[in-house]
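Step one of this worksheet: look at the structure below.
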Amino acid sequence: MSYQVLARKWRPKSFDTLIGQEHVVRALSHALNTGRLHHAWLFTGTRGVGKTTISRILAKALNCDQGVSATPCGQCDACRAIDSDRFPDYVEMDAASNRGVDDMAALLDRAVYAPVSGRYKVYMIDEVHMLTGHAFNAMLKTLEEPPEHMKFILATTDPQKIPVTVLSRCLQFNLKQMPPGRITEHLAHILEAEAVPFEPGALRYLAHAASGSMRDALSLLDQAIAHGAGRVFEEQVTNMLGTVGEDHLYAILDALAEGNADALLAVADGMESRSLSFEAALQALASLLARVALAQFAPSAIAEEDERTRLLAQAERFDAETLQLAYQIAIHGRDELPLAPDEYTGFTMCLLRLLAFRPEQPSAPGSNSSSGGGSGRARPLPTKSAVSNTSAPPSPASGTATNDNAAVTAAFEHADWREVVRALRLSGLARECTQHCEWVKCEGDRLHLRLSETQRHMLDMNRTVFARIESDLARALCRPIKLEFETGAIAGQTPAQLDELDRREQRAQAVAVLESDPFVRELIERFDASLSESTAKLL
């Protein structure tokens, strides 16, 4: 028996097995089960999302020997004939190659005759937007008032090109692109059924390469099985796709966190030796940085547990400012790649730019900040969270900047949470969490803090974040401290709110100084200028 490609072998045969289009299935199922059958449906969506598949299932539901319902039996002569594309009353027409008025007239001439063996004649016109204007005009009357035995199913990837007179005569359903997670799950199910060994990481690459198309994903899976000699492993898939593997991307983050320029250049050299796309690498790096930032602020939004764990580990190594700056450098570096002397030079300069303009980071455990000419020679962009006390080295155990222990103790005794946070000099997720907390009370070794309901998501953060805060507090106070969090209305003001009040006050002072300046007043009067208050600041 000849081999049948996976895209055909695993094409859904019923609404129950259709992946990712629940909103369409629900509407069609209700219509079929209640007998409220329209005479024309329009399915829109990108390639490979199920337009033709749904039309075939709908044709079976209308013509099944067991009766019209949302669950055709799949075993009767009509169902089997539609599945094998030999049912005389189900006609698929490609409007890209049969787009003229004569083709449409021939189809409509046959439509007046009763079905040969089915209950309804179903005409499926694919890529209907390719029809000429005269062909659309020829079908309008029949589309509006077809014979009782006739149903139209139209499909298109570009609904904007369909005349509104046609759109108004159809029930329109927009099919969504498949999310990578759903594609990965479906590919894993298929490989398990086919008894093909695979690695989950390889399926994620295939899912992203499919760009929302399940058919493309299955075609790529066929290719991956052939490329891997009956196996689907991550290294083979990345070689086949020519994409940058996660190992390269995470190696870049590791080198950036350690300030190691040699390690960054080694990644670029390894990619060049494999002829990988540097443009795709910068695109993938920007995507990874965005996912790490998402893990910082909303870890529950990362659906896959393994990915969330790995991203949270990276989120601990960078503060929010660093990730935002790195993201911008990556996307701008991709835009500037065609202007570079060559792609390798452009890519390596982008990596060095990530290192040179990276805000000061606390030393990672066991790292050597001067290795490979890293951050020891870089000129960092200072940020408030990056200021460190140079009187003593950072503690390797905490992975945070050195605390001012005396200041922490004094602020703690006065229950001044804002000063406690300032003296701790935390960074990243730990800093974000403490900035939005309010001191409630301290009982023995338990400090009770309150978050507002809008900041509840911070409680979903990795436990190591809270352990990091507790460790720094305990070291500064020379006694153990346990944090207890609750959510509710903030009675006073959080450090973040107080900082915002300070910024507003400073801005108001800056505006007042500028407005009183004779030169500024003359500019405003002479040129009808206005003062941008939001950017004013005192130097």
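The shown structure was predicted, so the numbers you read here are calculated from the model rather than taken from an experiment.
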Handout entry: Qualifying residues under salt bridge (Lys or Arg N to Asp or Glu O under 4.0 Å), relative to Arg231, sequence neighbours excluded
Key = none
Problem - Contacts of Lys51 that satisfy salt bridge (Lys or Arg N to Asp or Glu O under 4.0 Å) - sequence neighbours left out - result: none
Handout entry: With sequence neighbours excluded, residues passing salt bridge (Lys or Arg N to Asp or Glu O under 4.0 Å) with Glu272
Key = none
Practice task
First locate atom CZ of Phe43, then atom CG of Leu58, and finally report the distance between them rounded to the nearest 0.5 Å.
Solution key: 5.5 Å
Problem - Donor-acceptor contact below 3.5 Å, side chain His39 vs main chain Leu143 - result: yes
Practice task
Determine whether Lys60 and Phe87 make a side-chain contact, defined as any pair of heavy atoms from C-beta on separated by less than 4.5 Å.
Solution key: no
Problem - Derivation of the side-chain contact (heavy atoms from CB on, under 4.5 Å) call for Leu42 and Thr156 - result: CA-CA 8 Å; Leu42 172 63; Thr156 180; 4.0 Å; yes
Exercise for the section: Please confirm whether the backbone N or O of Leu337 pairs with a side-chain atom of Glu343, one donor and one acceptor, at under 3.5 Å? Expected result: no
Practice task
Quick one: sort the Phe278 and Tyr344 rings into parallel, tilted or perpendicular, breaks at 30° and 60°.
Solution key: perpendicular
Handout entry: Check against side-chain contact (heavy atoms from CB on, under 4.5 Å), Ile183 and His208
Key = CA-CA 9 Å; Ile183 295 179; His208 284 286; over 6 Å; no
Handout entry: Rounded distance [0.5 Å steps], OG in Ser55 versus CD1 in Ile153
Key = 5.0 Å
Exercise for the section: May I ask you to decide if Tyr120's main-chain N or O and Asn63's side chain share a donor-acceptor pair within less than 3.5 Å? Expected result: yes
Practice task
Say whether, by atom type as modelled, one donor and one acceptor occur between the side chain of His23 and the main chain of Phe173 under 3.5 angstrom.
Solution key: no
Fill in the blank from the handout: Correct closest heavy-atom pair for Leu167 and Pro159 would be CD1-O, 4.4 Å
Problem - Lys/Arg-Asp/Glu bridge criterion (N-O < 4.0 Å) met for Arg56, Glu92 - result: yes
Exercise for the section: Provide the full list of salt bridge (charged side-chain N to carboxylate O under 4.0 Å, His left out) pairs with a residue in residues 172-193, sequence neighbours left out, each pair given once. Expected result: Glu22-Arg182
Exercise for the section: Check whether more than 12 heavy atoms from other residues, nucleotides or ligands sit under 6.0 Å from atom OH of Tyr327, and answer yes or no. Expected result: no
Problem - Backbone N/O of Arg468 and side chain of Ser471: donor-acceptor pair under 3.5 Å - result: no
Practice task
Verify side chain to side chain donor-acceptor pair (under 3.5 Å) between Ser213 and Arg215, making sure each step is shown before the conclusion.
Solution key: CA-CA 5 Å; Ser213 169; Arg215 184 177 64 230; 5.2 Å; no
Handout entry: Asp89 and Arg119 ion-paired at < 4.0 Å
Key = no
Handout entry: Side chain proximity check, Ile329 to Leu325, heavy atoms < 4.5 angstrom
Key = yes
Practice task
Check whether any side-chain heavy atom of Ile54 lies under 4.5 Å from a side-chain heavy atom of Trp41, and answer yes or no.
Solution key: no
Handout entry: Note, Ser69 side chain near Leu32 side chain (heavy atom, < 4.5 Å)
Key = no
Practice task
Rounded to the nearest 0.5 Å, what's the gap from CG on Asp126 to OG1 on Thr52? Could you check?
Solution key: 4.5 Å
Exercise for the section: Flag the pair Thr46 / Leu175 as yes when at least one side-chain heavy-atom distance between them is below 4.5 Å, and no otherwise. Expected result: no
Handout entry: CD/Gln75: more than 12 non-hydrogen atoms of other groups inside 6.0 Å
Key = no
Exercise for the section: State whether the side chain of Glu127 and the backbone N or O of Asp94 hold a donor-acceptor pair below 3.5 Å, judged by distance alone. Expected result: no
Completion exercise
Interatomic distance, CG@Asn33 vs OG1@Thr71, rounded to 0.5 Å, equals 6.5 Å
Practice task
Tell me, yes or no, whether the heavy-atom count around Glu235 atom CD, taken from other residues, nucleotides or ligands under 6.0 Å, exceeds 12.
Solution key: no
Practice task
Evaluate the side-chain proximity of Arg274 to Thr238: yes if any heavy-atom separation is below 4.5 Å, no if none is.
Solution key: yes
Fill in the blank from the handout: For Val68 and Leu62, the nearest pair of non-hydrogen atoms, with its separation, is CG2-O, 3.6 Å
Problem - Of Lys13, Arg11, Gln21, the residue whose pairing with Thr53 passes side chain to side chain donor-acceptor pair (under 3.5 Å) - result: Arg11
Problem - Minimum heavy-atom distance Gly212-Val49, with the two atoms named - result: O-CG1, 3.7 Å
Listed pairs under 3.5 Å, donor-acceptor, residues 282-295 side chains, sequence neighbours left out:
{"unit_1": "Arg291", "atom_1": "NE", "unit_2": "Glu307", "atom_2": "OE2", "d": "3.4"}
{"unit_1": "Arg291", "atom_1": "NH2", "unit_2": "Glu307", "atom_2": "OE1", "d": "3.3"}
{"unit_1": "Arg291", "atom_1": "NH2", "unit_2": "Glu307", "atom_2": "OE2", "d": "3.2"}

Handout entry: Sidechain-backbone polar pair: Asp222 side chain, Leu6 backbone, donor-acceptor under 3.5 Å
Key = yes
Practice task
Quick one: pull up CD1 in Ile162 and CD in Gln160 and give me the separation to the nearest 0.5 Å.
Solution key: 9.0 Å
Handout entry: Contact check, side chains of Arg310 and Tyr250, non-hydrogen atoms, under 4.5 Å
Key = yes
Exercise for the section: Test side chain to side chain donor-acceptor pair (under 3.5 Å) on Thr322 and Asp319 and set out the steps. Expected result: CA-CA 6 Å; Thr322 299; Asp319 58 25; 2.7 Å; yes
Exercise for the section: Give a yes or no answer on whether the side chain of Gln296 reaches the backbone of Ala315 with a donor-acceptor pair at less than 3.5 Å. Expected result: yes
Completion exercise
With sequence neighbours left out, the residues meeting side-chain contact (heavy atoms from CB on, under 4.5 Å) with Val25 are Phe15, Leu18, Ser29
Practice task
Could you label the plane-to-plane angle of the Trp10 and His186 rings as parallel, tilted or perpendicular, counting under 30° as parallel and over 60° as perpendicular?
Solution key: perpendicular
Problem - Side chain proximity check, Leu206 to Val232, heavy atoms < 4.5 angstrom - result: yes
Exercise for the section: First locate atom OG1 of Thr17, then atom CD1 of Ile19, and finally report the distance between them rounded to the nearest 0.5 Å. Expected result: 7.0 Å
